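Note that the structure is a prediction, hence the values are computed from the model and not measured.
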Amino acid sequence: MGFLDHSTNNIIIDAVLTDKGRQILASQNGFVITKFALGDAEVDYTIIQQYGRTVGKEKIEKNTPIFEALTNPSLAIPYRMVSLSNNTSITHLPIFTGTDNTEAIDITSTALSLTKDVTLTQVMQSGEAIPYELVDDAVEVKLNSLFLLASSNNVTSATSTTSTNVATYLFPTSNNQLSFTLSKQSISTATRTAYQTTVGANTYIRTYVTVTGLNSGITKQYEVRL
């Protein structure tokens, strides 16, 4: 959904349904909206730093172009907005940090059963306690189902998979910590040839895993090499 302001007193709403939304609308159960999320991917917040809060806010409101509404749910809201009861004293948002903080996970071994355990902990950059509105009781893990599978505790299957092979898993957290396992799919020679890339002396498939907190909206992305 996009809000289009044509420099008048009217706000035009451009709304489209995702593939999943159209599927639900066509089902016998009907279409009932129970929750929604807002995003601010278009906003350049460096304008606030450059012009100050008052003038910067006016420039953002008048000059920021609005993206057209997208039907692909994996691209629709890359940066979620959050609401806080205490929005004056918080100077930092939480982040995901892990025992393996590298941005690339290398599982290029030819072993088909090769797996990689990933552990992430939600912490505040300032060292303060995480505001309760930002505590993630569950996270979304998105990956390319052609190459990878994910599992955590008793959750072993994706909640949804798009036509472009983006699989979404919903994993619960415990004590602000998430642990899950990535498993490499059996990749045919034809698929490997089609998707592999050469960097220096190394040849591998490059794919990505994105972890997003459901409440905080914070993300961490890993490059995975196969």
Donor-acceptor check, side chain of Thr173 to backbone of Leu178, threshold 3.5 angstrom: yes or no? no
Please walk me through it: do Leu149 and Thr156 pass side-chain contact (heavy atoms from CB on, under 4.5 Å)? CA-CA 8 Å; Leu149 297 169; Thr156 58; over 6 Å; no
Step by step, work out the side-chain contact (heavy atoms from CB on, under 4.5 Å) result for Ile130 and Asn176. CA-CA 9 Å; Ile130 302 174; Asn176 299 333; 4.0 Å; yes
Look only at the side chain of Ser152 and the backbone of Ser179, and say whether a donor-acceptor pair between them is shorter than 3.5 Å. yes
Side chains of Asn144 and Thr207: is there a donor and an acceptor less than 3.5 Å apart? no
Test item: Thr210 side-chain N/O and Lys142 main-chain N/O as donor-acceptor pair under 3.5 Å: no
So that I can tick it off, tell me whether Glu61 and Lys59 are bridged by a salt bridge, with the cut-off set at under 4.0 angstrom between side-chain N and carboxylate O. no
Donor-acceptor check, side chain of Arg192 to backbone of Tyr204, threshold 3.5 angstrom: yes or no? no
If you group Ile, Leu, Val, Met, Phe, Trp and Tyr by side-chain heavy-atom gaps below 4.5 Å, do Val155 and Leu143 land in one group? yes
Value rounded to 0.5 Å, distance of OG1 in Thr168 from CD in Glu140: 5.5 Å
Report yes or no: do Asp136 and Ser216 form a side-chain donor-acceptor pair below 3.5 Å? yes
Atom OG in Ser151, atom OH in Tyr169: separation rounded to 0.5 Å? 8.0 Å
CG of Leu134 to CG of Leu214: how many Å apart, nearest 0.5 Å? 12.5 Å
Indicate the atoms forming the closest heavy-atom contact of Thr64 with Ile60, along with that distance. OG1-O, 2.6 Å
List for me each residue that meets side-chain contact (heavy atoms from CB on, under 4.5 Å) alongside Ser188, sequence neighbours excluded, and say none if there are none. Ala190, Thr191
Centroid-to-centroid, Tyr195 to Phe147, below 6.0 Å? yes
Should Phe180 and Val211 count as side-chain neighbours, where that means a heavy-atom distance under 4.5 Å? yes
Interatomic spacing from CZ in Phe171 to CG in Leu120 - rounded to 0.5 Å: 11.5 Å
Any donor-acceptor N/O pair, Asp44 side chain to Thr46 backbone, under 3.5 Å: yes
Should Val209 and Ile187 be counted in the same cluster of Ile, Leu, Val, Met, Phe, Trp and Tyr side chains packed under 4.5 Å apart? yes
Could you tell me whether the side chain of Met124 reaches within less than 4.5 Å of the side chain of Pro131, counting heavy atoms only? yes
Test log, rule side-chain contact (heavy atoms from CB on, under 4.5 Å), inputs Gln177 and Gln122: CA-CA 6 Å; Gln177 190 172 80; Gln122 186 185 25; over 6 Å; no
Worked check of side chain to side chain donor-acceptor pair (under 3.5 Å) between Thr161 and Ser145: CA-CA 8 Å; Thr161 302; Ser145 61; 5.1 Å; no
Rounded to the nearest 0.5 Å, what separation is found between the CD atom of Gln196 and the OG1 atom of Thr189? 9.5 Å
Between CG of Asn215 and OH of Tyr132, what distance do you get to the nearest 0.5 Å? 11.0 Å
Between Leu146 and Gln185 the two heavy atoms that sit nearest each other are O-CB, 3.6 Å
Grab the two heavy atoms, one from Gly56 and one from Ile48, that are nearest each other, plus how far apart they are. C-CD1, 3.7 Å
side-chain contact (heavy atoms from CB on, under 4.5 Å) partners for Asp40, two or more places apart: Val43, Tyr45, Tyr79, Met81
Same apolar cluster: Tyr208 and Ile205, side chain cutoff 4.5 Å: no
Indicate the atoms forming the closest heavy-atom contact of Leu170 with Ala138, along with that distance. CD1-CB, 4.1 Å
Regarding Thr121 and Thr97, is there a side-chain donor-to-acceptor distance under 3.5 Å anywhere? no
Any donor-acceptor N/O pair, Thr162 side chain to Val166 backbone, under 3.5 Å: yes
